[in-house]
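Input: a single structure, listed below in structure tokens.
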Amino acid sequence: MSITITTLKESKITKQVVIRTKNTMYVLGIFADRFPVHLYYGKKSRSADTGYHPFERAFSPYYPECGWDYMPNTVESEYPYFGMGDFRASAIRVRDLSTGSDVTEFTFRKMKKYKGRVAIQAPIYGELPYAEADEDTETLEMILDDTVTGCELHLFYTVFPESDVIARHMTLINKGKNTVSLEKCMSLCLDIKRDNLDLISTYGGHGRERMVDRHTVSYGVHRITSRRGASSHMENPCIILCDPKASEERGEAYGFNFVYSGDFLDELEIDQTGKTRVLVGLGDETFSWRLEAGESFTSPEAVMTYAPNGIGEVSRNFHRFTRKHILPPEPFERRPVVLNSWEAFYFNIDGKLMEDFSAGAAEVGMDLPVMDDGWFGARRHDRAGLGDWVATPELFPDGLAAFVERVKAKGDKFGIWIEPEMVNPDSDLYRAHPEWALSAPGRVPLESRNQLVLDMGNPAVVDYLSDILGKTFNGIPFDYFKWDMNRHLTGVYSNILPPERQKEASFRHMCGVYELFRRLRAMFPNAMIENCSGGGGRYDLGMMKYSTQIWTSDNTEPVDRTYIQYGSTLGYPVTTMSCHVANHDSSIEDPRKLNYGFRVAINGPLGYELNILAASETAKATMSEQIKEYRAYEHLILRGDFYRLLSPFECGRYSYYFVSEDSREILLSYLQNFDDAKKTVYKLKISRALPGVTYRDTISGKTYTGEELRRGIEVESDEKGLYAVMWHLVAEA
């Protein structure tokens, strides 16, 4: 049993809830039968301090009947509301539009627990993405009331015990007579009873996604946010808070993430009492939602985990959780090795070229050629054709279906590129429906990559796109879709919404995007979707709900990829991280560069991004052997536990290993980006190696005891750089 509810007598805390996972414990209480307060989150322990400790501070308001025992401005709150004495960052702000007041007071009414979970319903279309329950999942639902506005607040805590993850979201129901506006909406609040914590987050830009930043959080308010209509290349909702001395395998750490792909806010505040408040949700800058009497709004889901044994444990908790509860089922027995046409030909494709390209892929063992941009409408460049999702007859004289049938008749799988959320002004769609693009009244629409964004919150747009894609692809057995999104949202204004609802447009847009994903998956239930947004611009749990993997970055240069891939593993499993070997400056013809590119790329599902038709026989033979080698390790890469050893951000080297659940198989990698005339020696310590067991490296033939592996394999750096070593260690019987 994960959740226990206890009624306490002769206590200021009248009810106590304990939520247990495999290794952690979360405790909350109800003060005086009125206010939910946070008591403990940490390592599962009978000796943990789960008591209620009031904190008095001058200039902190209090209820006369509670006195100093309950001060909203100093208490650790489960879900703080605005305007009634808590001056810190709030989780919710509701405005009564009949009076203009945004003061609320939500007090406890009742709670219940149950097996499984509730679905998260979007206010338009169907569901929001959320974590799927299993047989161990339990949910706590707490109901609070605001007697003045008549609003009812439901707080949900959904527990995934084996992953050490708790998911949280809220529903607000307007049961009053007046219209209200939800003006700040956060899915999760956690008050941590300490300051002096390091914040680990990722930042960057197009081609340099998820660069790692770590610094000690100072007093005041800190916001990590996106206002771009996407989680973005620049920020990511996944954050980690940890002890300043925490390392990969030592020290306390807390992880937070958001199951959503649009604008988000991670808000942190250290207050006068030395506590750290963490909030994750939609925020308040680009969001509000109008609720008429009887209407409700449900937030996206946020997730959190606690690890007593280091930053790496937070990552592995999130990895297991995402693989088991977020990602869609694997469509194939083994993940296909993709060969994408983009860096080979850009827009210059036709049916005959793609047939030859597919044959070249099959020759070396790549089993899923992908036809990227340039196959439809007037799409000979990026200035025209987006929105006109009909195959260009000149490129496929006997039709798209016949072309795909010829390719697949040779035993290949086949994939295709789409970018359905976007439209070129030079397109038949835009000429017919300019009002379908997001654009503020009286403003000149800003273009990016010569394109505008369709209003996906408009059901007519989603219906058109699902209809045209359904007709164009009808009966064609595609195995893979690369779904791209190559600009962010500006001029966010929907022509179907009244003025008072315009701040809903961004959220409605994302609901429409999810709806189209669901419809495409329903049309092609056995196909794989790879999400892309100029590379890794929507690398988040919301997209992972519908995408088997995500194009990690448009930057495929191996040295840069070590940084991008390291940062990506902080919150996301490598099974989602599409990693390609690409042809940079004829690198595939340089054995050293080709080997290094491959060693970097098998940090995740393997693919290639090059012109196979121009490759030498030597390069093709090498790639064929690479794919065979990858297949020997694929099960570990996709399903093994992942441990980081060396960070490229700290030493220009990236080392990590995958390990099977029983610790009897290990795949260890060392990647050195730069030259090193000093010939530095590193010890790569494998803490998961089993004492008393002998491991054989199938690559070199050498044997190591488990004790030797735990003390560390020594590796000497190479003076030339672009140096990679790998060990595949298998326990001997």
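Reckoned from all heavy atoms, side chains included, excluding hydrogens, waters and symmetry mates. Being a predicted model, the structure only gives us computed values, none of them experimental.
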Looking at [Y], is [X] sitting on its ring face, NZ or CZ under 6.0 Å from the six-membered ring centre and within 45 degrees of the normal?
{"X": "Lys545", "Y": "Tyr130", "result": "yes"}
{"X": "Arg93", "Y": "Phe82", "result": "yes"}
{"X": "Lys275", "Y": "Phe55", "result": "yes"}

Would you sort out whether Glu209 and Arg538 count as a salt bridge (charged side-chain N to carboxylate O under 4.0 Å, His left out), showing the intermediate values? CA-CA 10 Å; Glu209 296 87 346; Arg538 285 202 304 208; over 6 Å; no

Provide the closest heavy-atom pair for Tyr125 versus Val462 in the form atom of the first, atom of the second, distance.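 Here Tyr125 and Val462 meet closest at OH-CG2, 3.3 Å.
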
Is a side-chain donor-acceptor pair under 3.5 Å present for [Y] with [X]?
{"X": "Ser47", "Y": "Ser45", "answer": "yes"}
{"X": "Thr273", "Y": "Thr74", "answer": "no"}
{"X": "Glu235", "Y": "Ser226", "answer": "no"}
{"X": "Tyr306", "Y": "Glu313", "answer": "no"}
{"X": "Asp263", "Y": "Thr286", "answer": "yes"}
{"X": "Thr216", "Y": "Asp198", "answer": "yes"}

Criterion side-chain contact (heavy atoms from CB on, under 4.5 Å) on Glu267 and Val221, from CA distance to verdict: CA-CA 7 Å; Glu267 190 169 24; Val221 178; 3.8 Å; yes

Measuring from [X]:[atom1] to [Y]:[atom2], what's the distance to the nearest 0.5 Å?
{"X": "Phe31", "Y": "Ser11", "atom1": "CZ", "atom2": "OG", "value": "9.0 Å"}
{"X": "Tyr79", "Y": "Met186", "atom1": "OH", "atom2": "CE", "value": "8.5 Å"}
{"X": "Asn257", "Y": "Phe318", "atom1": "CG", "atom2": "CZ", "value": "5.5 Å"}
{"X": "Ser547", "Y": "Ile326", "atom1": "OG", "atom2": "CD1", "value": "12.0 Å"}
{"X": "Ser187", "Y": "His169", "atom1": "OG", "atom2": "NE2", "value": "8.5 Å"}

Between [Y] and [X], does any NZ, NE, NH1 or NH2 come within less than 4.0 Å of an OD or OE carboxylate oxygen?
{"X": "Asp243", "Y": "Arg194", "result": "yes"}
{"X": "Lys193", "Y": "Glu76", "result": "yes"}
{"X": "Arg518", "Y": "Glu515", "result": "yes"}
{"X": "Glu141", "Y": "Lys110", "result": "no"}

As a quick check of understanding, evaluate salt bridge (charged side-chain N to carboxylate O under 4.0 Å, His left out) for Arg88 and Glu269, giving each step before the final call. CA-CA 7 Å; Arg88 299 165 293 179; Glu269 182 173 3; over 6 Å; no

Hey, mind stepping through Glu252 and Lys245 against salt bridge (charged side-chain N to carboxylate O under 4.0 Å, His left out) and telling me if it holds? CA-CA 9 Å; Glu252 279 194 309; Lys245 294 182 180 179; over 6 Å; no

If the plane angle is over 60° it's perpendicular, under 30° parallel, otherwise tilted; pick one for [X] and [Y].
{"X": "Phe507", "Y": "Tyr260", "result": "parallel"}
{"X": "His154", "Y": "Phe156", "result": "parallel"}
{"X": "Phe106", "Y": "Tyr81", "result": "perpendicular"}
{"X": "Tyr539", "Y": "Tyr572", "result": "perpendicular"}
{"X": "His325", "Y": "Phe321", "result": "tilted"}
{"X": "Tyr70", "Y": "Tyr63", "result": "tilted"}

Evaluate the side-chain proximity of [Y] to [X]: yes if any heavy-atom separation is below 4.5 Å, no if none is.
{"X": "Glu138", "Y": "Ile3", "result": "yes"}
{"X": "Met544", "Y": "Pro328", "result": "no"}
{"X": "Thr552", "Y": "Ser568", "result": "yes"}
{"X": "Asp213", "Y": "Thr202", "result": "no"}
{"X": "Met111", "Y": "Val17", "result": "yes"}
{"X": "Ser506", "Y": "Val492", "result": "yes"}
{"X": "Leu197", "Y": "Ile192", "result": "yes"}
{"X": "Val180", "Y": "Arg290", "result": "no"}

Evaluation steps, side-chain contact (heavy atoms from CB on, under 4.5 Å), between Phe297 and Cys185: CA-CA 10 Å; Phe297 180 87; Cys185 179; 3.9 Å; yes

With a sphere of 6.0 Å drawn around [atom1] of [X], does it hold more than 12 non-hydrogen atoms of other residues, nucleotides or ligands?
{"X": "Tyr62", "atom1": "OH", "answer": "no"}
{"X": "Arg34", "atom1": "CZ", "answer": "yes"}
{"X": "Lys43", "atom1": "NZ", "answer": "no"}
{"X": "Lys22", "atom1": "NZ", "answer": "no"}

The test is side-chain hydrogen bond (donor to acceptor under 3.5 Å, both in side chains); show your working for Asp33 and Thr14 and say whether it passes. CA-CA 6 Å; Asp33 255 355; Thr14 51; 2.9 Å; yes

Output, in order, the C-alpha distance, side-chain angles, deciding distance and verdict of side-chain hydrogen bond (donor to acceptor under 3.5 Å, both in side chains) for Ser261 and Tyr514. CA-CA 9 Å; Ser261 310; Tyr514 291 143; 2.8 Å; yes

Could you please spell out the steps behind the side-chain contact (heavy atoms from CB on, under 4.5 Å) verdict for Leu265 and Leu282? CA-CA 6 Å; Leu265 173 63; Leu282 293 169; over 6 Å; no

Reference residue Arg95; test salt bridge (Lys or Arg N to Asp or Glu O under 4.0 Å); the match among Asp102, Asp284, Asp146: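 Looking at Asp102, Asp284, Asp146, the match for Arg95 under the salt bridge (Lys or Arg N to Asp or Glu O under 4.0 Å) is Asp102.
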
Qualifying residue, where the test is salt bridge (Lys or Arg N to Asp or Glu O under 4.0 Å) with Glu285 and the options are Arg228, Lys184, Arg223: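 In the set Arg228, Lys184, Arg223, the residue that makes a salt bridge (Lys or Arg N to Asp or Glu O under 4.0 Å) with Glu285 is Arg223.
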
Before you tell me yes or no, could you show the steps for Thr149 and Asp96 under side-chain hydrogen bond (donor to acceptor under 3.5 Å, both in side chains), namely the whole-Å CA-CA distance, both residues' side-chain angles and the distance that decides it to 0.1 Å? CA-CA 7 Å; Thr149 64; Asp96 184 335; over 6 Å; no

Test applied, side-chain contact (heavy atoms from CB on, under 4.5 Å); reference residue, Arg277; option that passes from Asp191, Leu190, Ile270: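 The option that passes is Asp191.
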
List in chain and number order the residues that pass side chain to side chain contact (heavy atoms under 4.5 Å, CB included) with Gln16, two or more places apart in sequence or in another chain; answer none if no residue qualifies.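 Listed in chain order: Leu8, Val18, Val27, Leu39, Thr50.
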
Can you check side-chain hydrogen bond (donor to acceptor under 3.5 Å, both in side chains) on Asn317 and His319, steps first, answer last? CA-CA 5 Å; Asn317 289 350; His319 295 176; over 6 Å; no

